[in-house]
Amino acid sequence: MVVTRFPPSPTGHLHLGGARTALFNWLFTRHNRGKFILRFEDTDRERSKQEYVDSIIEALKWLGLDWDEGPYFQSKRLEIYQSYAQKLFEEGKAYYCECPKEILEKKRKERLEKGLKPRYDGTCRDKKLGPGEGRVLRIKAPEIGEIVFEDLLRGKIVFPAEEIDDFIILRSDGTPTYHFAVVIDDITMGITHVIRGDDHISNTPKQLLIYKALEVDPPEFAHIPMVLGSDGARLSKRHGAKSILEYRDVGFLPKALLNYLARLGWGYGDQEYFTVEELIEKFDLKSINLSPARFDQDKLLAINAYWIKNSDNKYLLEHLKYFLRGYDLGKFSEEYLLSAIETVKTRSKTLVEMAEMIEFYLVEEVSYDLDGAKKFLVPEIKPLLQKIGEDLKNLPLDEKRLEEYFRNLAEESGVKLKNIAQAVRVALTGRTVSPGLFEIIKVLGKEKVEKRLKKAIEFIRT
RNA sequence: GCCCCCAUCGUCUAGUGGACUAGGAUACUGGCCUCUCACGCCAGAGACACGGGUUCGAAUCCCGUUGGGGGCGCCA
C-alpha cells in the first residue's frame with residue numbers, strides 16, 4: 001500500500017508552497033487508495049510554536065486535505081531516534097565528535113574562501129570518543145564513490161561522495177537533526193513515497209547514507225518543482241509568503257485554491273478546471289512539470305470566479321456566511337438568500353466581493369452612493385417612480401413581464417430606459433452598479449421594492 | 001566558489017522526431033450582447049533562451065553557453 005506523509009515544521013504558517021506539496025501527496029495517496037500521514041517536524045524547539053501547529057491544521061482542514069494518521073510530533077519521539085543512533089554508534093557507523101562550534105565555523109569560512117565546498121574535516125573520526133557533554137554524533141560518510149538514486153520524475157541523479165561530509169545526526173543535547181529524524185520517521189512509519197520540494201534533492205544523498213547504514217531500503221522519491229513568488233523569487237515566510245488562511249479570509253473558495261495549486265506544475269491536456277474528485281482521479285506524478293512555477297494572483301482569481309459561477313448556491317451560502325457575520329441571516333428564508341446569491345454569482349471574483357454585492361438584499365434601508373443618487377434621482381424621474389410603485393402592485397414578479405413593462409414605460413414617457421433603470425437601481429440598491437434590475441425586483445419582492453421607491457421619492461423631494 | 005535541478009507566449013501549460021502556419025487558459029486590446037456592472041460570444045497581438053551536433057526531418061534526442069532555482073548548519 002502507498003503510504004505518504006506531509007511533514008511541515010511548525011515554524012510558520014502553511015503557505016502556498018507547503019499547501020501544494022501537501023496537495024500533491026494527498027492526491028497521489030487518494031488516487032492510489034493509500035494512507036496519508038501528518039507529522040510535525042518540531043525538533044527545533046526554539047522556533048517551533050503551538051500557534052503554528054494550530055494554524056497549519058486549520059488550513060489543512062479548510063482545504064479539505066484530510067489525513068489518515070497523526071499528527072505525530074517528532075519532539076515526542078526522541079527515544080526512538082536515540083535508540084537508532086545508539087545502534088549506529090555501536091556498529092561503528094557513527095562517531096562522537098567534540099569539535100567546538102567556533103572552530104568548525106572558522107574552518108568552514110576558510111574552505112569557502114579557498115573556493116572549496118565546506119565540509120567537516122574528520123578531526124574526531126578516529127578518536128573513538130564515547131558519548132559525553134557537548135559531543136555530537138556524526139555519521140561516517142564514504143570518502144570515495146558515488147551516491148545515486150532514481151527520482152520518480154527526473155530519473156537518475158548522481159552525487160560524488162566527496163560532496164557529502166560526516167554530518168551530524170544527534171546534537172549535543174541529544175536531539176536528532178532533521179536528516180536523521182526524517183529518515184527514522186519515514187522508516188518507522190512505513191513511508192513508501194516521499195514527495196517533496198526539489199530543494200530537498202541535495203539533501204537526499206545524506207538521507208540515503210542513513211538508510212544504508214541502517215540497512216533499510218529507502219522509499220521512492222519524487223521531487224516536485226517549487227512554487228516561486230510572482231517576482232520569481234523563492235516563496236518563503238521571510239519574504240512575506242501569505243498563509244493559506246489569508247486566502248480564505250479574502251474570499252477564495254477552497255476548491256478554487258486546490259484547483260489552482262494543482263495546475264501549478266501539473267497539467268492534464270488542455271483541461272483547466274477540475275473538481276477535487278477529478279483531481280484525485282486524474283492526478284499522476286509523471287505529468288508533473290519539472291520547472292519551478294510562479295504564483296499568479298490573476299489566474300487564481302479567474303479560477304475562483306469560475307468556481308463561484310459554477311457552484312451551487314447552497315455551497316456558496318455555506319462559505320459566504322463567514323463573510324456575513326455582521327448580519328442576522330436568521331431573518332431571511334434560505335430561499336431568499338439563495339436567489340439573492342444567484343443574481344451576484346457572475347459578478348463576483350471572490351466571496352468578499354459577493355458579500356459586498358449582496359449587502360443591499362440584507363439591509364433594512366439602503367444608503368445611497370451620493371454621486372449616483374444625485375445623477376439619477378432627479379425631479380423629472382419622480383412621477384415615473386411613483387407610477388412604477390403603483391403599477392407594480394398589479395404586476396406579476398416575472399422577469400420577462402417586468403422587462404416588458406419597463407420598456408413600455410420608457411416608450412410612453414419618452415424617458416430613456418437607461419435613465420429609468422438607473423434611477424430604480426439606485427432606489428433599490430443605493431448604487432449605480434448591481435445585478436440586473438428585473439432579477440433584483442423579483443428577489444426583493446414587492447414590499448421591499450415599494451418601500452425603497454418611496455424613500456427615493458422622498459429623497460428627490462428634499 | 002563547489003555540487004545538484006530546470007528552461008514553450010508576461011504568467012500557468014499542451015506538445016514525448018513528421019498531423020506545428022506551435023494548441024489551450026489567464027492577463028491585455030478591439031468588437032458583439034446590454035438597464036449598470038459583470039457573464040457570455042467573436043477577433044487580435046503574444047513563446048520553442050542561444051550555439052553546435054544527430055537525423056531525410058527537431059520545440060521534441062546529445063553536447064556546450066547563457067539564464068533561473070536549490071543545496072553546501074548542532075534550521076527544516
Side-chain angles (χ1 to χ4, degrees), chain A residues 7-12 41-44 46-48 74 97 101 104-105 108 111-119 134-138 151 153-154 157-160 162-165 167-173 175-179 181-182 197-206 223 225-226 228 230 232-234 260 263-273 287 289-303 305-306 309 344-349 357 372 376 403 406-407 410 416-426 429 431-438:
Chain A
S9 85
T11 54
E41 311 217 320
D42 58 347
T43 54
D44 182 346
E46 294 279 303
R47 297 197 296 143
S48 296
Q74 291 187 328
C97 163
K101 271 187 196 171
L104 255 23
E105 194 50 42
R108 190 196 326 281
R111 286 187 64 93
L112 229 32
E113 274 160 22
K114 278 190 227 159
L116 293 165
K117 195 178 168 82
R119 172 175 216 288
R135 290 179 185 168
V136 299
L137 189 65
R138 288 182 183 273
D151 185 272
L153 306 185
R154 299 159 209 264
I157 298 179
V158 181
F159 290 85
E162 307 87 70
E163 286 299 310
I164 313 300
D165 67 351
F167 60 95
I168 296 171
I169 57 175
L170 234 46
R171 301 186 185 107
S172 49
D173 65 358
T175 58
T177 55
Y178 164 71
H179 293 296
V182 168
D198 66 13
D199 48 332
H200 284 287
I201 291 178
S202 313
N203 291 152
T204 308
K206 287 188 176 178
H223 290 97
M226 305 218 288
L228 270 26
S230 48
R234 183 181 188 174
Y260 175 71
R263 285 285 289 103
L264 213 52
W266 175 80
Y268 187 82
D270 278 342
Q271 187 172 348
E272 298 287 346
Y273 304 105
S287 40
N289 259 282
L290 299 180
S291 47
R294 292 192 191 203
F295 171 72
D296 179 16
Q297 172 100 4
D298 283 337
K299 186 98 182 219
L300 208 208
L301 232 26
I303 290 182
Y306 174 88
K309 194 170 47 188
V344 296
K345 274 170 103 166
T346 57
R347 291 165 235 265
S348 322
K349 280 184 160 40
M357 207 166 312
F376 296 109
E403 178 164 1
F406 274 89
R407 287 194 187 287
K416 279 184 187 158
L417 177 59
K418 182 171 178 161
N419 291 324
I420 300 175
Q422 282 303 73
V424 176
R425 186 186 315 283
V426 172
T429 71
R431 307 182 193 185
T432 55
V433 171
S434 84
L437 194 57
F438 315 122

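Reminder, nothing fancy here: chain letters follow the sequence lines and each chain counts from 1.
Annotation: B:A19 and B:A14 have their C1' atoms spaced 15 Å apart (nearest Å). Annotation: B:C41 and B:A49 have their P atoms spaced 32 Å apart (nearest Å). Here the separation of B:G64 from B:C2, taken at their P atoms, is 15 Å to the nearest Å. Rounded to whole Å, the separation between the P atoms of B:G30 and B:C37 comes to 15 Å. For the P atom pair drawn from B:C4 and B:C28, the interatomic distance equals 43 Å after rounding to whole Å. Nucleotides B:U55 and B:G18 are separated by 12 Å at their C1' atoms, to the nearest Å. Spacing between B:G69 and B:A27 at atom P, rounded to whole Å, works out to 27 Å. Between B:C9 and B:A47, the two P atoms lie 9 Å apart (nearest whole Å).
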Sort me out a list of protein N/O and nucleotides 29-35 of chain B N/O pairs below 3.5 Å, or just none if empty.
from, atom 1, to, atom 2, distance (Å)
B:C35, OP1, A:R407, NH1, 3.1
B:C35, OP1, A:R407, NH2, 2.3
B:C35, O2', A:R425, NH2, 3.4
B:C35, O2, A:R425, NH2, 2.3
B:C35, N3, A:L437, N, 3.1

Provide a list of protein-nucleic acid N or O atom pairs under 3.5 angstrom, restricted to nucleotides 63-67 of chain B.
none

- Summarise protein proximity over nucleotides 21-28 of chain B in one line of letters, 5' to 3': B for base, S for sugar-phosphate only, - for none, counting protein heavy atoms closer than 4.0 Å. --BBBSS-

- For nucleotides 41-50 of chain B, just jot down a letter per nucleotide in 5' to 3' order: B, S or -, based on protein non-hydrogen atoms under 4.0 Å. ----------

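Of all nucleotides present, only B:C28 satisfies the Watson-Crick or G-U wobble test against B:G44, with each distance under 3.5 Å. Base pairing analysis places B:C50 opposite B:G64; the two distances defining the Watson-Crick or G-U wobble pair are each below 3.5 Å. Pairing partner, B:A22: none, since no Watson-Crick or wobble contact has both distances short of 3.5 Å.
In this entry the distance linking NE2 of A:H223 with P of B:G71 reads 12 Å, nearest Å. Between A:E105 atom CD and B:C74 atom P the separation is 8 Å, expressed in whole Å. Remark: P of B:C4 and CG of A:N203 are 15 Å apart, rounded to the nearest angstrom. Counting to the nearest Å, the P atom of B:U36 and the CZ atom of A:F376 are 10 Å from each other.
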N/O donor to acceptor pairs below 3.5 angstrom from side-chain atoms of residues 289-297 of chain A, sequence neighbours left out:
from, atom 1, to, atom 2, distance (Å)
A:R294, NH1, A:S230, O, 3.2
A:D296, OD1, A:D298, N, 3.3

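Contact annotation: the side chain of A:H223 never approaches that of A:L153 to less than 4.5 Å [non-hydrogen atoms, C-beta and beyond].
For A:Y268, the OH atom is loosely surrounded, since the number of other residues' heavy atoms within 6.0 Å does not exceed 12.
Side-chain atoms of A:R347 come within donor-acceptor range of the base of B:C37, with a qualifying N/O pair under 3.5 Å. Between the side chain of A:S172 and the base of B:C74, a donor-acceptor pair under 3.5 Å is found.
Residues passing the ring-ring contact (aromatic ring centres under 6.0 Å, His included) test with A:F376, sequence neighbours excluded: none.
The one candidate from A:D173, A:T177, A:I169, A:I168 that meets the side-chain contact (heavy atoms from CB on, under 4.5 Å) condition with A:V136 is A:I168.
With hydrogens and angles disregarded, no donor-acceptor distance shorter than 3.5 Å links the side chain of A:R263 to the backbone of A:Y273.
For A:E163, whose side chain is taken as the heavy atoms from C-beta onward, the closest listed nucleotide among B:A76, B:G70, B:C3 is B:C3.
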